[in-house]
Protein chains: 2
Amino acid sequence: MDNNEIEKKLESKNVKPTAMRTLVYKTLTDSGKALSLADLEQRFEKVERSTIFRALKTFEDNFIVHSVDDGSGSVKYAVCDEDCTCNIHDLHVHFYCTRCGRTRCMKELPIPNIKLPEGYTYDNAQFIINGVCPRCD
Amino acid sequence: MDNNEIEKKLESKNVKPTAMRTLVYKTLTDSGKALSLADLEQRFEKVERSTIFRALKTFEDNFIVHSVDDGSGSVKYAVCDEDCTCNIHDLHVHFYCTRCGRTRCMKELPIPNIKLPEGYTYDNAQFIINGVCPRCD
DNA sequence: TTAAACTTTGCAATAGTGTTGCACTAACTT
DNA sequence: AAGTTAGTGCAACACTATTGCAAAGTTTAA
């Protein structure tokens, strides 16, 4: 994805496309998987952790990325689909490979609908499947 | 649950019932919900974090408790059912109340079966539903 | 075009969680 | 009772997430 597209994307979500933000977004989308703060930090040694952190938070608040806690000990971030608002209908399964540690959005697998007992409300959900991915098998 | 029962329980899972372990188990089971290391630490000020930590690990290794990462930032632990071996068939949904921070095992809600794409294996899963519990509503 | 106002970034510091090594003590074995 | 093993407490540490503050950059408005 080229920078121009990214800038348009960010603007369309009301986020000012600074150099850092564009870089973070590009890295995320190009990687094709969910990345942690530490992953991102490694990919561009020069940039401050807190800057990346705040970029991710901003993205998250504006439905540009969603976060996944895959149980690896660090939260990962993945780009949302075009018209995602991070509500129940956008939720999908995430797959965590216990061999390589990679986390993938399974956008083709929506989180199944669960009927909760009386009195519980349903705002959000995380469904992480652990196993081994084709690459590692 | 009284101490005698607990000791039998632990022994039946090949874990020696020390005073600390019995206490940790009792606290967990009596609370009726999932507790974090910090939660447990607070409940008995005198006991070392690492002792509780190791008790939990031992329990986990022996299918006495299972852990849940509910996204709150700390892993929680809940007692398993009688004949649980923490495999796919024992997995159930966990409910995290975003208001009170309590995490509950929904043992009556097994994790639905998901058909993964070709090449992925399925070892384990976490399904956390976030919302508001009846107590807080 | 310059000053004021606001936003973003980098740096440093901090809190919290999870984890380990080591020494001491308790418990079990023979 | 002596030796071996298992459990506990203490201290230390790594790592993740997060914040306050000051400097730098950008936008607005006179």
Side-chain angles (χ1 to χ4, degrees), chain A residues 3 6-7 10-11 13-28 34-62 64-78 96 101 103 126 128, chain B residues 3 6-7 10-11 13-28 34-62 64-78 96 101 103 126 128:
Chain A
N3 284 2
I6 294 172
E7 283 163 28
L10 298 186
E11 272 163 1
K13 302 272 188 170
N14 298 310
V15 170
K16 213 191 303 174
T18 65
M20 288 296 95
R21 288 175 183 165
T22 307
L23 181 57
V24 170
Y25 186 92
K26 185 171 169 45
T27 308
L28 270 180
L35 299 178
S36 68
L37 184 52
D39 291 337
L40 287 162
E41 213 181 336
Q42 277 197 303
R43 297 194 186 214
F44 17 87
E45 303 247 315
K46 286 305 185 72
V47 186
E48 247 293 305
R49 194 158 68 254
S50 61
T51 304
I52 306 170
F53 174 75
R54 287 188 265 225
L56 292 169
K57 284 292 169 213
T58 305
F59 289 170
E60 204 178 3
D61 292 346
N62 292 278
I64 296 170
V65 306
H66 57 276
S67 60
V68 197
D69 188 338
D70 59 15
S72 67
S74 49
V75 176
K76 302 211 173 122
Y77 299 84
Y96 177 68
T103 297
Q126 293 260 359
I128 319 287
Chain B
N3 284 3
I6 294 172
E7 283 162 28
L10 298 186
E11 273 163 0
K13 302 272 189 171
N14 298 311
V15 169
K16 213 191 301 176
T18 66
M20 287 297 94
R21 287 174 182 166
T22 307
L23 182 57
V24 170
Y25 187 92
K26 186 170 167 48
T27 309
L28 270 181
L35 299 178
S36 68
L37 183 53
D39 291 337
L40 287 162
E41 213 181 335
Q42 278 197 303
R43 296 194 187 213
F44 18 87
E45 303 246 315
K46 285 304 184 72
V47 187
E48 247 293 307
R49 193 160 68 257
S50 60
T51 304
I52 306 170
F53 173 75
R54 287 188 265 225
L56 292 170
K57 283 294 169 212
T58 305
F59 289 170
E60 205 178 3
D61 291 346
N62 292 279
I64 296 168
V65 306
H66 57 276
S67 60
V68 198
D69 188 337
D70 60 14
S72 66
S74 49
V75 176
K76 301 213 173 120
Y77 299 84
Y96 176 69
T103 297
Q126 292 259 1
I128 319 288

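In what follows, chains are A, B, ... by sequence order, proteins preceding strands, each numbered from 1.
The distance from atom CD of A:Glu41 to atom C1' of D:dT16 is 10 Å, rounded to the nearest whole Å. Separating the CG atom of A:Asp69 from the P atom of C:dG18 is a distance of 11 Å, rounded to the nearest angstrom. Atom CG of A:Leu56 and atom C1' of C:dT9 are 14 Å apart (whole Å). The separation between B:Leu40 atom CG and C:dG16 atom C1' is 16 Å, rounded to whole Å. The separation between A:Asp39 atom CG and D:dA17 atom P is 10 Å, rounded to whole Å. The distance between atom CD of B:Glu45 and atom P of D:dG9, rounded to the nearest whole Å, is 14 Å. For the pair A:Ile52 CD1 and D:dT18 C1', the interatomic distance rounds to 14 Å; values are reported in whole Å.
The side chain of A:Lys16 lies closest to D:dT27, out of D:dT27, C:dG18, C:dC28. Among D:dA12, D:dT19, D:dT8, the nucleotide with an atom closest to any side-chain atom of B:Arg49 is D:dA12. Considering only the side chain of B:Met20, D:dG9 comes nearest among C:dT17, D:dG9, C:dT9.
The CG atom of B:Asp61 sits 11.0 Å away from atom CG of B:Leu56, with the distance rounded to the nearest 0.5 Å.
A:Thr18 has a side-chain polar atom (N or O) that falls below the 4.0 Å cut-off from OP1 or OP2 of C:dT9.
Residue contacts for A:Lys57: at a heavy-atom cut-off of 4.0 Å it reaches the sugar-phosphate backbone alone, with no base atom in range. Residue B:Ser50 is in base contact, counting any heavy-atom pair closer than 4.0 Å across all strands shown. Within the nucleic acid shown, B:Ser74 comes within 4.0 Å of sugar-phosphate atoms alone, with no base atom in reach, counting heavy atoms only.
Here the side chain of B:Arg43 pairs no donor or acceptor atom with the backbone of B:Thr27 at under 3.5 angstrom.
Nearest-nucleotide positions on DNA chain D place A:Ala38 closer to the 5' end than the other of A:Arg54 and A:Ala38.
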